[in-house]
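Only one structure is covered here, and it is reproduced in the block below.
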Number of protein chains: 4
Amino acid sequence: MEEANRTMDDLFVNGELTEKQRKIIIAAIETFSEKGFAATSTSEIAKKAGVAEGTIFKHFKTKKDLLISIITPIVSKMLAPFVIKDLYKVLDHQYEHYEDFLRAMIENRIAFVKNNTSLIKILIQEIPFHPELKELFVENIGKKTFERFCHLAEYYQKKGQIITIPPAAVVRHTISVILGYVAARYLIFPDKEWNDEQDIELTMQMLMRGLSAD
Amino acid sequence: MEEANRTMDDLFVNGELTEKQRKIIIAAIETFSEKGFAATSTSEIAKKAGVAEGTIFKHFKTKKDLLISIITPIVSKMLAPFVIKDLYKVLDHQYEHYEDFLRAMIENRIAFVKNNTSLIKILIQEIPFHPELKELFVENIGKKTFERFCHLAEYYQKKGQIITIPPAAVVRHTISVILGYVAARYLIFPDKEWNDEQDIELTMQMLMRGLSAD
Amino acid sequence: MEEANRTMDDLFVNGELTEKQRKIIIAAIETFSEKGFAATSTSEIAKKAGVAEGTIFKHFKTKKDLLISIITPIVSKMLAPFVIKDLYKVLDHQYEHYEDFLRAMIENRIAFVKNNTSLIKILIQEIPFHPELKELFVENIGKKTFERFCHLAEYYQKKGQIITIPPAAVVRHTISVILGYVAARYLIFPDKEWNDEQDIELTMQMLMRGLSAD
Amino acid sequence: MEEANRTMDDLFVNGELTEKQRKIIIAAIETFSEKGFAATSTSEIAKKAGVAEGTIFKHFKTKKDLLISIITPIVSKMLAPFVIKDLYKVLDHQYEHYEDFLRAMIENRIAFVKNNTSLIKILIQEIPFHPELKELFVENIGKKTFERFCHLAEYYQKKGQIITIPPAAVVRHTISVILGYVAARYLIFPDKEWNDEQDIELTMQMLMRGLSAD
DNA sequence: CATGAATGAGGCTTCATTCAT
DNA sequence: CATGAATGAAGCCTCATTCAT
């Protein structure tokens, strides 16, 4: 596990996981994200984790169970609560402008993606093939987060800062732009040379111009 | 095969494929996109194609060969030339405004995604795990297409229509917004109720405001 | 087919074999002797022979049939009759001494092995696994040839040239020595450097000393 | 496994082989020697060994691995050291005459062949098709053993007991005669009626007469 | 708790053989 | 006569999972 995935430890260390369980999960994350869930064998995970094959099944009834044990925390404990907390904070702090909020947001998201590359890759790869995961994701991110975000958008619309079109459209556009940048930067072409500060700045400009009232 | 994948037939029918080969490819596309490459068994494909398992291997040396035979055409024959031709057309027709170009573009892309949902899903899912595919993709789309797109952006910048920031940023932003919309609409939440015309209109507005000079 | 297997052509050309049949047989001999019967696929033979897979089965009902069609001639048409004719010649010509007979014999056998390396390899490899072949061989070589050889030995024993022990023992010993040399020279270590003339001379000496009366 | 292969147990029992591994090896030896390596299926071996097919591959990475695990011990642990030890013994004990040495030798070899018929059959059958095996064999037997044997021959030549021709020729001849007898007796016609004592005696006589000085 | 030998179902692939053209 | 597409049985091997130690 490289530097990049620092949060992972936070996710899986503090819990009531034993040392072996942690090793298994770490190994599984690494391998799943490299080769995909279906192409990863439990024996490979066992070897990489330094445990016996049987040990995996003592802790995770099934290979799929292991996948779910990996994905659930990101979705339900990390993404959702994270965002939600932030959103509350946002509403409390009352960022004066949508732009301020977005800047906080984008920083936040970038940090998250940076620290969880492997996990996010797994999430993206496996969601389409596992209905439970999809539901988990849609319910948490798709519904709760999206809804709150919409309220926020409305709030800034009422303040006259951003155009008054259906807030859902604002939100989707905002997410498109941010995720588009983050995905290109960290998932698709992580090895290209990037000028992070400038790129973010430009992206913010284009996004804000597109949304600002007037 | 549902309605949605109409272009597929264009891709795999006209060629010098025999009936059986076509059936195999169709079945493979369907299954790969539903369950993923690694989780699909050749026996399953054979059954769905109404063919003996051995027949698959008479036509495709390897299971992976089958995957490549499916993906190569979308990447090299469809996406790239498609876009490139369009870009030429664009330069010939001399769309007066970047917006006109974008509207043509977006329509074009939407049609393409609509008709090739399965293939695109496979492409997205499998690229991370197959270096050859990744290279194929990067070389064709990432390089050629992106470059031409940049030239276009510059052209409209010189005409004073869009902000003068590095054209690459303009292009990335444009792609983000378009792909973000298309992905959400056709790949991630195809079953949500959408108001296509309005959504596209709004997206275009936000995009154009973000990019227009002044 | 290299120089070494010249007789093969004699064996399979003159017969009523069509061109295709000959090509198939030549290809089969080459491959069988290189990789063994069981490890050779009919498709490989077809490719090497430049014919369609089906063509093989038009001419040889079965893969095994092809093997038998290859081996039978060496055993029944070549080895046996060859030897037998020679033996008659021997008895006619009335080689004065057993040694003269042996020298003729050894030359004869060496030429035979040299020209039929591939075929003999196949013969040796496959006989143990195919009872019909074994019987074919035992009947023709083991019985007929051996018997005649014994009569000859007796003949020279009566002439007082070789020791009077059971002729079968004389024959077996003679064959051991000759085959031992030939096998080492042409089958087992064909690539070692050999001093043919001297080696044969010495072998003959040791053999003759061992057998000569007194 | 019949009586005949008693030594096999010595070869494969004492090692650190588990019971299952032993069963697999025994079954493999039996089947390989009966039908040949290529014509033997792993499922057949499993069935005969009373083991699941997968178990074979837990212990031997590959079918070929199984073959090598069978052959290596005969070549490297049995033949070579056996002979070599004997040769030392020979030189220590200082057999007075080459004949004494040969008698010891022939007895020794016969016992070996008797107890390892199956293994030797496999060895002979498979060496031509597996370069690694060939090298293994040539290196151990062909080189080391042959060389030592030559020194011995020289030794008896100097003692004036056997003819002074190149020792290599003496050795090859000796081996021809002994192997010729042993092969005929135990491998080719094991079912013929043999008069062992007399046959050996006669063979020895012919061999010795052929080699003795004067 | 942990191990790893054992399992047998199933995966990919090859093969001898058939048959319509 | 020849072809080669098609077959399905069988081959080698991998895998998730179990269980006795």
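Because the structure is a prediction, the values reported are computed rather than measured. Reminder, nothing fancy here: chain letters follow the sequence lines and each chain counts from 1.
Geometrically, A:K64 does not engage A:F37 in a cation-pi contact, judged by NZ or CZ lying under 6.0 Å from the ring centre and within 45° of the ring axis.
Where C:F37 and D:T18 meet DNA chain E, the nucleotide closest to each residue was compared, and D:T18 sits on the side nearer the 5' end. Comparing C:K20 and D:K58 against DNA chain F, the residue whose closest nucleotide sits nearer the 5' end is C:K20. Between D:Q21 and C:S43, it is D:Q21 whose nearest contact on DNA chain E lies nearer the 5' terminus. Comparing B:G54 and A:A38 by the nucleotide of DNA chain F that holds the closest heavy atom to each, the one mapping nearer the 5' end is B:G54.
For D:F57, the listed nucleotide lying nearest its side chain is F:dC13; candidates were E:dT3, F:dC13, F:dT3. The side chain of C:T42 lies closest to E:dA16, out of F:dG4, F:dC12, E:dA16. Nearest nucleotide to the D:A52 side chain, out of E:dA16, E:dA2, E:dG8: E:dG8.
With rounding to whole Å, D:F60 atom CZ is found 18 Å from F:dT14 atom C1'. Rounded to whole angstrom, the span from the CD atom of C:E53 across to the P atom of E:dC19 amounts to 16 Å. When the P atom of E:dT7 is taken as reference, atom CD1 of D:I24 falls 9 Å away, rounded to whole Å. Rounding to whole angstrom units, CD1 of residue D:I45 and P of E:dA6 are separated by 16 Å. In this entry the distance linking CG of B:L67 with P of E:dC12 reads 13 Å, nearest Å. The nearest whole Å value for the distance from the NZ atom in B:K61 to the P atom in F:dA5 is 13 Å.
The partner of F:dT14, taking Watson-Crick or G-U wobble pairs whose two distances both stay under 3.5 Å, is E:dA9. Using N1 to N3 plus N6-O4 or O6-N4 for Watson-Crick, or N1-O2 and O6-N3 for G-U wobble, each under 3.5 Å, F:dA20 pairs with E:dT3.
Proximity of C:T62 to the phosphate of E:dT17: a side-chain N or O atom is located under 4.0 Å from OP1 or OP2. C:H59 has no side-chain polar atom (N or O) that falls below the 4.0 Å cut-off from OP1 or OP2 of F:dC1.
Residue D:S41 is classed as a sugar-phosphate contact, given heavy-atom separations below 4.0 Å to backbone atoms only.
Under a 3.5 Å cut-off, the side chain of D:T55 and the backbone N or O of D:V51 do not form any donor-acceptor pair.
With salt bridges taken as basic N to acidic carboxylate O contacts below 4.0 Å, none links A:E44 and A:K47.
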